[in-house]
Number of protein chains: 2
Amino acid sequence: MIVGAGFGGLFAAQALARAPADVTIVDRHNYHLFQPLLYQVATAGLPPSDVAWPIRSILRRQRNATVLLGEVTGVDRAKRVVLVGEAELPFDYLVVATGSTHSYFGHDEWRPFAPGLKSIDDATAIRGRILHAFEAAEMESDAAKRALLLRFVIVGAGPTGVELAGTIAELARFTLAADFRRSDPRSAKIVLVEAGPRVLASFAERQSAYAQRALEKLGVEVRVGATVTGCDSGGVWLGGERIASATVIWAAGVAAAPAGKWLAAQTDRAGRVLVAPDLSIPEDPTVFVVGDAASVVTAGGGRVPGVAPAAKQQGRYVARVITARMHGAAAPAAFVYVNAGSLATIGRKCAVIEFPFVTLRGWLAWWLWGIAHIYFLVGVPSPIVVSLRWLWEYLTYGRGARLITGQEHAD
Amino acid sequence: MIVGAGFGGLFAAQALARAPADVTIVDRHNYHLFQPLLYQVATAGLPPSDVAWPIRSILRRQRNATVLLGEVTGVDRAKRVVLVGEAELPFDYLVVATGSTHSYFGHDEWRPFAPGLKSIDDATAIRGRILHAFEAAEMESDAAKRALLLRFVIVGAGPTGVELAGTIAELARFTLAADFRRSDPRSAKIVLVEAGPRVLASFAERQSAYAQRALEKLGVEVRVGATVTGCDSGGVWLGGERIASATVIWAAGVAAAPAGKWLAAQTDRAGRVLVAPDLSIPEDPTVFVVGDAASVVTAGGGRVPGVAPAAKQQGRYVARVITARMHGAAAPAAFVYVNAGSLATIGRKCAVIEFPFVTLRGWLAWWLWGIAHIYFLVGVPSPIVVSLRWLWEYLTYGRGARLITGQEHAD
């Protein structure tokens, strides 16, 4: 039984294809989401259908795999079942891969004003807010109100925040520049707020500095050492300073999904489940937690980062452990994370990729980033086709992605 | 001032590109929708981004065109302004092209249980309900409940209803057949309910019979002469007979948008505004109504049908009338509708096209239908690219279109 069809869960399922097992994977959405590109949907660069694919389609040919759509509400380890509402799904081995979401640092009341970016619906809602802001500015005759509508605040300067800030800046400066007659999208102000001392804190200092320069060249105002103390429909407060904005996006903090509570297992401060070297929980060797929901400590003592490649490696590793147990073979050695590098893009032509011993910046990095994304495509039926579509939309400022749908429009 | 960016409004705007005028087009959505293919989005065959394009993009290069996003709330003919909330948009000439929606024949309370299909949000909501029904059936152990989940009712057998019924049947029989393990999508029952004596009532009898046979070959149960007398969350009532179903889709009746009320003009029973031979309203020769919102009577006495080609012709015609007046030239002759034929598809390989003197059926008709759709693409930047994408998705049962998004999933 696998809970969650993100990188961790889906790669685990696929790696169990030849195991003598019945694999059931449950997710509350019917699609696998390629999260690294979700910010593109949020900034109207790609449509949802290019970054998400039905789990059923991906696992269609895997005979031992069953896919269920459902919201897991708990786990009964005594009865050895996963609870989906009233239904009880039995398991011999359980892999929890439920991921993580943003943290509002105790201020969940800010969520309606500053949405996060974790699902397709999050992305289309943010897309609607961004595009709607430009539309409202077009209709607005009051200059002060128009400035408020054309100011965008992103909270959190990790890769997601940096990517959002860079692409919104490009949207305003290039993509939408000629689309409006009464207002000027190029006058939009994008503010990236980070509580820590630098952007891309998980990268080396040189990369942080490079990324900040690249953002500022795009016209983004970068505010480090600035903590959000208040957030409402009119903007944010940084201590005593008010930044008025109609659109605030939250890309900060980490809070793991409630796996720890379900499993009655020990977690760290962010809710990530503490796991053994073989990624099982100390309380029960047949229950595993992988990906963002787990806190995995490497031999060196550091924590494995919550990135897609780590989840993928852990998913596959767990499948090997389970398969070995089923065959009565020797258990594999403890999990080792192979650092696949950290990636972040700043706009269309610029990226930062950091490997343990080598760093790449600029245009070359952007191309490599593109290829790396293709590599991480989960058994998608036509990875070449998907990649070509991404490239096409990216290069031609794909128009179909710029729809305002859902409740966020003038209807 | 043009209200509405469907076929009527958009073609009018484009035809005024060289007129000595400032053209402002207002729509409550930011996209132009290719309505003939909306049923494909509703049945998870195409993603929204392939059937809708931002109006701004389409009119980007038209110097005299301004696009506004807004919900028109009324028209003040005395002051000669269009009201969008508190804003007043002045006009010298007004073209109302607000289209039509479905009618529940006095039973608007049925709407939440039987959604109609007019906008992208309608389509993705219906798509979610359809896909969700199959997902719920997979989790359902009770055979009776599963049968209810796998029964789909479509009300109204005009082209939209016929197209929906045919494609849902194909979805169940082919596209999803191998995707589920516990339930069998091929056991799904699709029921098409029509109050009149035959399907495709606006076509000749031979075509109706052909379409009905084609539907039945796909496994659709066709019920003509059956009027819906009740509708709730568990299905519909046809007089004393109950058809239990978890998914009812409404594709019947016509109700024009409230243009008549705004203009204080005379309308017919369905709310369509009665217009003069030059498509202006008798009450005011500078105000025109085109498309589904208008009731246009041809010289022969019949009413021009509410189809896309008619709206397109009327939009262009009105632009000619306005341009002639601006130049002080002689007014064009009365509007004449050139019958571009009626089209309906039944599934992937089968269509009916009826011209005044010639009829096409089957596979050849399907190809011609495809080409006709391409022809009607409104100045889309790359009609060839769009057509290739449609063809690609259609032939490969495009997976990306099968996402469940919005409030209609297990979240």
Side-chain angles (χ1 to χ4, degrees), chain A residues 27-31 44 46-54 56-61 65-71 84-85 87 119-121 124 131-132 135-136 138-139 141 176 178-182 380-382 385-386 389 392-393 396 398-407 409-411, chain B residues 27-31 44 46-54 56-61 65-71 84-85 87 119-121 124 131-132 135-136 138-139 141 176 178-182 380-382 385-386 389 392-393 396 398-407 409-411:
Chain A
D27 195 289
R28 57 182 171 175
H29 293 119
N30 79 326
Y31 54 83
L46 283 176
S49 52
D50 276 347
V51 301
W53 309 275
R56 293 187 180 289
S57 287
I58 297 172
L59 295 177
R60 173 188 262 237
R61 292 218 173 78
T66 300
V67 179
L68 296 176
L69 176 73
E71 174 104 37
V84 179
S119 69
I120 293 283
D121 291 331
T124 53
L131 293 177
H132 200 65
E135 292 285 352
E138 181 80 337
M139 289 273 292
S141 35
L176 300 181
D179 273 12
F180 293 84
R181 304 273 183 262
R182 306 181 178 196
V380 162
S382 321
V385 171
V386 174
R389 286 175 70 135
W392 177 257
E393 300 273 11
T396 60
R399 292 174 180 81
R402 292 215 294 283
L403 308 182
I404 299 179
T405 57
Q407 319 317 84
H409 57 76
D411 234 348
Chain B
D27 196 289
R28 58 182 171 176
H29 294 118
N30 78 327
Y31 54 84
L46 284 176
S49 52
D50 276 346
V51 301
W53 308 274
R56 295 187 179 288
S57 286
I58 297 171
L59 295 176
R60 173 188 262 237
R61 291 220 173 78
T66 299
V67 179
L68 296 176
L69 177 74
E71 175 103 40
V84 180
S119 69
I120 293 283
D121 290 330
T124 53
L131 294 177
H132 201 65
E135 292 285 351
E138 180 80 338
M139 290 273 290
S141 36
L176 301 181
D179 274 14
F180 293 83
R181 304 273 183 263
R182 303 181 180 196
V380 160
S382 323
V385 172
V386 174
R389 285 175 70 135
W392 176 256
E393 301 272 11
T396 62
R399 295 176 178 81
R402 292 214 295 284
L403 309 182
I404 299 179
T405 57
Q407 317 319 81
H409 58 76
D411 230 350

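Below, read A as the first sequence line, B as the second, and so on, with proteins coming before strands; counting in each chain starts at 1.
- A/R28 contributes no side-chain N or O that, together with a main-chain N or O of A/G70, makes up a donor-acceptor pair within less than 3.5 Å.
- The residue among A/T66, A/V67, A/L59, A/V51 with the most heavy atom pairs within less than 4.5 Å of chain B is A/T66.
- Contact annotation: the side chain of A/D27 never approaches that of A/L69 to less than 4.5 Å [non-hydrogen atoms, C-beta and beyond].
- Chain A forms more heavy-atom pairs under 4.5 Å with one residue of B/L68, B/I120, B/V84, B/L176 than with any other, namely B/L68.
- Summarising the geometry of A/E138 relative to A/R181, their closest heavy-atom pair is OE2-N, 2.9 Å, with the distance given to 0.1 Å.
- With a 4.5 angstrom heavy-atom cutoff, B/A136 does not touch chain A via any of its atoms.
- Scanning all heavy atoms of the two residues, the minimum distance from B/T124 to B/D121 falls at OG1-O, 3.3 Å.
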